[in-house]
Amino acid sequence: MITVAEADAILQARCRAFGIAELTLAEAVGRVLAEPLIADRDFPPFHRVAMDGFALDWAAVQAGQRRFEVVHTQRAGMPAVALPKSGVAVEVMTGAVLPVGATVVVRVEDVELEQQGERRFIALKSIPEKIWQNVHQQGIDRRQGETIVPQGRMLSPAEIAVAAAIGKVTVHVYAHPRIAIVSTGDELVEISETPLPHQIRRSNAAMLQAFLRARGLECKLFHTGDASEAMHQCFADLLQDYDVIISTGSVSAGEVDILPSVLQELGVEVHFHKVAQRPGKPMLFGQTQTCTVFALPGNPVSAVLCFLRYVWRWICAAQGQEKSKPLFAQLTEPVVFKPKLTYFLPVRLAVSSEATLLAEPLAGHGSGDFANLVDCDGFLELPAEKSEFVKGEAHPVWLYRDWC
Ligand code: AMP
Ligand code: MG
């Protein structure tokens, strides 16, 4: 049996990309960039007026001049006018190009306006403090040719704004895998069915689909009973048609847990089966040339933990996503866990008055108790090397709920 760290290393070494897709900006939010976004012009592309007011030459202000004739108006969208000479002003609007020769903008609220017939003058009520005041200088944010967003970044609205500003109608992103989710077990019925006393509804598939959908990934749902032939046929077809299969059930030690041997018969190379952890010990990971199989245990808490801790991170890495570090949270109570296994403890999060992330243990009733997860936010990863964990210890936390 391998450790959690060994499982991580194997998964990382067996990462696979799924090609590249070209999407419009409207479709691309939440996807991972497969190209850098490079400034096609300076940001901003010209000295941009940042306040409604009057553009002047700073040298005239410094020389003591306080009254200026207003000789032009410069609005956003107009080509730049020039100050005909030092000592006059141009009325300017936010977003306009700073007139050529001007080096400072005085806000409209900081001047007294005077009209003399056709001529307009301003008198400064307060003196600008420095050159370029109220001017967003050309190239001060980013220079032309500079990478603004690196490849591998997930696109939030901020990156979409940059893509739009540099004229990208479409962007290249990593393609999503075709994902099949397979529930295994004779005891499982459709959600819409009324189970007989010995049956249960297929909640794992709904849970995994929800997790993927919340992150913009689609999947198809399948079910197979425990009979060898049916399972064989189901997986044979899916191995042909999908990039990723995520199954639940039939990988433990029971008599009907035949999925590992079925997968091997179908030519799946098993990279690992069983990880020294609780819950989720029986997890299996294998691949054919074209398909990656994550066979998770059927117990719902095991399935969600294995999905969060391994499958989802593998899918993110396969899409070239920048590695994100796990959050750490501090135990609010001591915990004792004797087995030599990594213990993924269900926890509820809170923030202390000192802004520390706190993890309150809510162990529940084992890996079948998925109702307990409703009260929790994620799992605290307690290392196998220790059995006693004191209050205040910080450990990585894996969240299935958006939390902030
Ligand atoms: P198994 O790993 O197949 O031995 O299943 C372990 C436990 O998880 C059993 O109690 C199963 O009934 C339950 N289980 C398996 N698959 C699902 C599923 N898709 N939804 C809910 N429970 C499941
Ligand atoms: Mg089963």
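As the structure is a prediction and not an experimental result, all values here were calculated from the model. Hydrogens, waters and symmetry mates play no part in the numbers below; they use all other heavy atoms, side chains included. Remember, it's 1-based here, ligands and their atoms both numbered in the order they're listed.
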Atoms of ligand 1 under 4.0 Å from any heavy atom of Glu187, numbered from 1 in the order shown, are 9 (C), 11 (C), 12 (O)
- Message: Closer than 4.0 angstrom, basic N to acidic O: yes or no for Arg178 and Glu218?
- Response: no
**Report entry** Charged N-O contact under 4.0 Å between Glu35 and Lys168
**Finding:** yes
With heavy atoms and a 4.0 Å threshold, my read on which part of Ser252 contacts ligand 1 is side chain
Among non-hydrogen protein atoms, atom 18 (C) of ligand 1 lies closest to Asn204 ND2, 3.2 Å
Salt bridge or not between Arg120 and Glu114? Use side-chain N to carboxylate O under 4.0 Å. no
Any heavy atom of Leu188 under 4.0 Å from ligand 1? The part involved is side chain
Any heavy atom of Val251 under 4.0 Å from ligand 1? The part involved is neither
among protein heavy atoms, the one nearest atom 4 (O) of ligand 1 is Asp257 OD1, 3.9 Å
- Quick one: are the ring centres of Phe211 and Tyr400 less than 6.0 Å apart? no
| request: Assess Arg142 against Phe43: is NZ or CZ under 6.0 Å from the centre of the six-membered ring, and within 45 degrees of the ring's axis? | output: no
Ligand 1 contacted by Gly368 (non-hydrogen, < 4.0 Å)
no
The atoms of ligand 1 lying under 4.0 Å from a heavy atom of Ser183, numbered in the order shown, are 19 (N)
shortest atom 21 (C) of ligand 1-to-protein heavy-atom contact is with Ser203 OG, 3.3 Å
Ligand 1 to Ser250, heavy atom cutoff 4.0 Å, flagged ligand atoms 1 (P), 2 (O), 3 (O)
closest protein heavy atom to atom 10 (O) of ligand 1 is Asn299 OD1, 4.4 Å
A student comparing Gly298, Ser247, Ser302, Ser367 should find that the heavy atom closest to atom 5 (O) of ligand 1 comes from Gly298
Ion pair Lys391/Glu333, N-O distance below 4.0 Å:
no
**Asked** Is any NZ, NE, NH1 or NH2 atom of the basic residue among Asp8 and Arg313 found under 4.0 Å from an Asp or Glu carboxylate oxygen of the other?
**Response** yes
Atom 22 (N) of ligand 1 has as its nearest protein heavy atom Ile200 CD1, 3.5 Å
Exercise. Does the ring centre of Phe389 sit less than 6.0 Å away from the ring centre of His395?
Worked result: yes
- [ ] Please determine if Arg309 and Glu381 form a salt bridge, counting it only when a charged side-chain N lies under 4.0 Å from a carboxylate O.
- [x] yes
